[in-house]
Amino acid sequence: MNRAQVTDILLEIAVLLDLQGESTFKIRAYQNGARALETISEPLEVLVAEKRLGTIKGIGESLQQKITEMVTTGKLEYYDQLKAAVPPGLLEMLQIPSLGPKKVKAIHDNLGISTVADLEAACKAGRLSILDGFGARTEAKILEGIDYRRKYASKHLLVEAILVAEPILAALKNHPAVQRCSTAGSLRRLKEVIGDVDFVVSSQSPAEVIEFFVNQPGIVTVLAKGDTKSSVILPGGIQADLRVVSDQEYPYALAYFSGSKEHNIVMRHRAIQKGLRLSEYGLFRSAEETRDPALQVPCSSEEDIYKALDLPFITPELREDRGEFTAAEKGALPELISWDDLKGSLHNHTDWSDGQDSLETLAAALVQKGYSYWAVTDHSKAAFQAHGLDEARLKTQLAAVADINKRLEDSGISFRFLTGAEVDIVKTGLDFNDEILSQLDVVVASLHVASQDESENTQRLIAAAQNPYVHMLGHLSGRLLLRREPFKISQQAVIDACADTGTWLELNAQPSRFDLDWRLWVQNRGRGIKCSINCDAHSLVDVEYLRFGIGQARKAWLTKADVINTSNLNELRELLGVKRAKVG
DNA sequence: GCCGTTTTCGGCCCGACTGTTTTCAGTCG
């Protein structure tokens, strides 16, 4: 078993234990153990083989034993027994909003219900109300939850959430009773997939703000409406939570609700070490729970809170407890790439293959938008469904690109197209031979049809990285968020090959790709692997995806220097020649 | 189940909302 499989099982054990009514601390220990494994930098097999698991904080004797069993034998007796003891339907019931482990256990133990279908029938028949703590409202809520789960998936692409959140944030900002407001949560941290949208507002009249919030246009359902908090369902089924606090509490609440949970736990611990207490209400000079303003360490912004804990400001994208505290303490937080650093995109399509726009249309729009260059990398012939170019059409395109560049030059415009291809990685190698590839300015190699065999896919990608004419690998994992799992690939092995060969990796900015994943960039920091943030544009609309790509790059700890297409055209041409120069 | 300048036992982050109760448990974030 690999690390991902081991952490998945530890997390599932935590859920199963929860359903059995185990101590919450024991449950948390499994969750902490899984988290600890996610952050290790060495291969898990090595740690197991050298019996060094115990050196990881959060892995004690019992977890050491279980992890070792999983890694060496590929299974875990304890997990199998636990799984056999808990009906699979109970896990599904846990997905229903308002149902947690305690209630699921009570329903199962007292009524013998172990599937969602049975639960639905029991609610409709009013059979849940006989249980202590259950009533008609609970039954109705469960039915609503089952319905909701059926209608909407509970996860949403970042871009969809941003699109529904932005108008509401703008409306809140304009409301006279609102002092400060922001999105928070995973949206503010720019996670690629988000569960719900969070807003934090400061106001002297919370009731007025909450009333305004629940009456926003398009709101489907109001789930909760209290004095300081409210939850609603937005169009598209996205849940939005609003929290209203006083302006003095605002920075603490914003930090708290921006998370991540793991980041906040470290913040709290730092506060405790300094004899302080950090909560969503403030930072207090007290070991006891308090909201006494006299004990408050005054902070007017998030920056002040970090400062009070002897830290530089940590930008929300980095708040995942993946090394940001260590870096902050050393003064080594990266100066992240910023929103206007990109000079162009190196992976794009035109109407020569499956793009919508002509070179002329693109040139006009891109000059207008202020870009310096744009690589034309249409599909190769293997992508016949995308009208991929064969060698003859590619040569014609090279002439067309040269022609339009000449016209740009004659008009005194500095913008240039670069020639190129998104060459398919086919079973037998690359879809174009080296002689053709050597004539192109930019070569992106991408896997579009993967085999079921992980080592075969991995080998094909490594071979592509080893080709001296391939500048970068496109959308390495092939994932489509919420729709398709990554191809069976050892991404790390391919990344290693890129590090060895000086091949760049794409950060594809299509909102359903965001591929390579930000976590892998964080894990491979400091190895000198260069990134190209590309919008993989199939139409002009897609150019705007570069903004989301920058967001993911920031989340990936990338700096301007890490990203190839922050270079100007002359620098870029030089960089494009480096790998080829090695083979002469 | 993990951890320790509070070190082998007794803690482990914590507060709002809901629905059920009439003082609180469960869920959620």
Side-chain angles (χ1 to χ4, degrees), chain A residues 10 13-14 17-19 21-36 53-67 78 93-107 128-142 144-145 154 184-189 194-200 206 210 222-232 239-245 249 252-253 256-273 275-282 284 287-291 321:
Chain A
L10 292 178
I13 288 174
L17 290 174
D18 214 345
L19 281 170
E22 264 290 356
S23 139
T24 52
F25 300 113
K26 183 168 171 177
I27 292 157
R28 196 177 300 160
Y30 278 91
Q31 293 166 337
N32 289 342
R35 241 203 94 65
L53 277 175
T55 60
I56 305 169
K57 194 166 141 55
I59 309 269
E61 208 171 310
S62 167
L63 282 180
Q64 256 177 81
Q65 228 171 49
K66 292 187 171 86
I67 294 165
Y78 174 72
M93 283 160 69
L94 272 182
Q95 302 299 312
I96 299 168
S98 84
L99 275 189
K102 300 286 191 306
K103 281 189 177 158
V104 169
K105 187 174 188 308
I107 292 168
L128 252 57
S129 9
I130 59 166
L131 298 178
D132 276 350
F134 287 78
R137 301 288 297 269
T138 310
E139 286 175 333
K141 202 151 194 179
I142 291 172
E144 214 173 276
S154 59
S186 50
L187 180 73
R188 184 167 182 238
R189 299 202 314 281
I194 67 126
D196 57 23
V197 175
D198 296 294
F199 297 101
V200 178
I210 284 181
V222 177
L223 296 174
K225 186 180 159 191
D227 295 336
T228 63
K229 248 172 108 156
S230 172
S231 294
V232 300
Q239 179 172 332
D241 298 332
L242 168 74
R243 183 63 174 248
V244 188
V245 298
E249 289 169 336
Y252 311 101
Y256 179 84
F257 290 108
S258 293
S260 65
K261 203 168 67 183
E262 293 77 13
H263 179 92
N264 287 349
I265 288 171
V266 178
M267 290 288 280
R268 269 171 205 274
H269 282 193
R270 286 188 73 95
I272 290 167
Q273 279 162 13
L276 303 171
R277 190 176 190 88
L278 178 64
S279 75
E280 64 204 270
Y281 299 106
F284 299 96
E288 304 297 316
E289 193 186 315
T290 178
R291 289 194 206 171
D321 191 22

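Heavy-atom basis, side chains included; hydrogens, waters and symmetry copies ignored. A, B, ... follow the sequence lines: proteins, then strands. Residue 1 opens every chain.
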- Message: Rounding to an integer number of Å, can you tell me how far M93(A) CE sits from dT27(B) P?
- Response: 11 Å
- Please work out if L63(A) contacts a base, only the sugar-phosphate, or nothing of the nucleic acid, heavy-atom cut-off 4.0 Å. sugar-phosphate
- Message: If I take atom CG in residue L53(A) and atom P in nucleotide dG1(B), what distance separates them, rounded to the nearest angstrom?
- Response: 16 Å
- Atom-to-atom span, CD1 of I59(A) to P of dG4(B) - whole angstrom: 14 Å
- Query: How is R268(A) classified with respect to the nucleic acid when contacts are heavy atoms under 4.0 Å: base, sugar-phosphate, or nothing?
  - Reply: base
- Query: Taking R268(A) for the side chain and L278(A) for the main chain, is one N or O donor matched with an acceptor at less than 3.5 Å?
  - Reply: yes
- Query: Quick one: does R35(A)'s side chain get under 4.5 Å of D321(A)'s, heavy atoms only?
  - Reply: yes
- Donor-acceptor pair under 3.5 Å: do we get one between Y256(A)'s side chain and the base of dG15(B)? no
- Message: Quick check for you: among dG15(B), dC12(B), dG1(B), whose closest atom lies nearest to any side-chain atom of Y30(A)?
- Response: dG1(B)
- Query: Which whole number of Å gives the distance between the P atom of dT20(B) and that of dG15(B)?
  - Reply: 25 Å
- Identify whether any heavy atom of T24(A) sits under 4.0 Å from a base atom; if not, whether one sits that close to sugar-phosphate; answer base, sugar-phosphate or nothing. nothing
- Task: Take atom C1' in dT6(B) and the same atom in dG11(B), then report the distance between them in whole Å.
- Result: 10 Å
- Query: Given the P atoms of dT21(B) and dA16(B), what is the spacing between them in whole Å?
  - Reply: 24 Å
- Query: Base, sugar-phosphate, or nothing: which does A184(A) touch, judged by heavy atoms less than 4.0 Å apart?
  - Reply: nothing
- Selected nucleotide, minimal atom distance to R28(A) side chain, candidates dT18(B), dG29(B), dC12(B): dC12(B)
- From the options R188(A), H263(A), R189(A), select the one residue that forms a side chain to side chain donor-acceptor pair (under 3.5 Å) with S258(A). R188(A)
- Note on the structure: Looking only at dA16(B), dG1(B), dT27(B), the nucleotide nearest the F25(A) side chain is dG1(B)
- When we call it a touch if two heavy atoms are under 4.0 Å apart, what does L278(A) touch: a base, just sugar-phosphate, or nothing? nothing
- Message: Tell me the interatomic distance from I27(A), atom CD1, to dC12(B), atom C1', rounded to whole angstroms.
- Response: 13 Å
- Message: What is the separation between atom CG on D18(A) and atom P on dT27(B), rounded to the nearest whole Å?
- Response: 8 Å
- Item | Selection from dG19(B), dT27(B), dA16(B) that lies nearest to any side-chain heavy atom of R243(A) | dA16(B)
- Query: Of all the choices, dG19(B), dG29(B), dT27(B), which nucleotide is nearest to the side chain of K141(A) once you look at every atom?
  - Reply: dG19(B)
- Message: Considering every strand and a 4.0 Å limit on heavy-atom distances, what is the contact class for K66(A): base, sugar-phosphate, or nothing?
- Response: sugar-phosphate
- Message: Measuring to OP1 and OP2 of dC14(B), would you say a side-chain N or O of R277(A) lies under 4.0 angstrom away?
- Response: yes
- Item | S129(A) side chain vs F134(A) backbone, donor-acceptor pair below 3.5 Å | no
- Note on the structure: Contacts of D227(A) and G133(A) projected onto DNA chain B by closest heavy atom; the upstream (5') one is D227(A)
- Between dT18(B) and dT23(B) - C1' atom distance, rounded Å: 15 Å
- Note on the structure: pair_partner(dT8(B)), Watson-Crick or wobble, both distances < 3.5 Å, evaluates to none
- Message: Judged by each residue's nearest nucleotide on DNA chain B, which is more toward the 5′ side, P101(A) or G226(A)?
- Response: G226(A)
- Rounded distance (Å) that lies between atom P of dG15(B) and atom CZ of F257(A): 11 Å
- Message: Categorize Y281(A) for me: base, sugar-phosphate, or nothing, with a 4.0 angstrom heavy-atom threshold over every strand shown.
- Response: sugar-phosphate
- Message: Using a heavy-atom cut-off of 4.0 Å across all strands, would you classify D132(A) as base, sugar-phosphate, or nothing?
- Response: nothing
- Item | Close side-chain approach of I13(A) and Y78(A), heavy atoms under 4.5 Å | yes
- Within the side chain of E139(A), is there an N or O that forms a donor-acceptor pair under 3.5 Å with the backbone of L128(A)? yes
- Item | Euclidean distance for C1', dG1(B) against dT8(B) (whole angstrom) | 14 Å
- Query: Would you say a side-chain N or O of T228(A) is under 4.0 Å from OP1 or OP2 of dC17(B)?
  - Reply: yes
- Note on the structure: When every non-hydrogen atom of L187(A) is compared with those of I194(A), the smallest separation belongs to N-CG2, 4.0 Å
- So, is T138(A) near the phosphate of dT20(B), with a side-chain N or O under 4.0 Å from OP1 or OP2? yes
- Message: So T138(A) and K103(A), do their side chains get closer than 4.5 Å, heavy atoms only?
- Response: yes
- Note on the structure: Here the distance between atom P of dT18(B) and atom NZ of K102(A), to the nearest Å, is 21 Å
- Message: Does a side-chain N or O of S62(A) approach OP1 or OP2 of dG1(B) to a distance below 4.0 Å, or not?
- Response: yes
- Item | dC28(B) versus dC13(B) - spacing of their C1' atoms, nearest Å | 14 Å
- Task: Send over the distance from E249(A) CD to dG15(B) P, rounded to a whole Å.
- Result: 12 Å
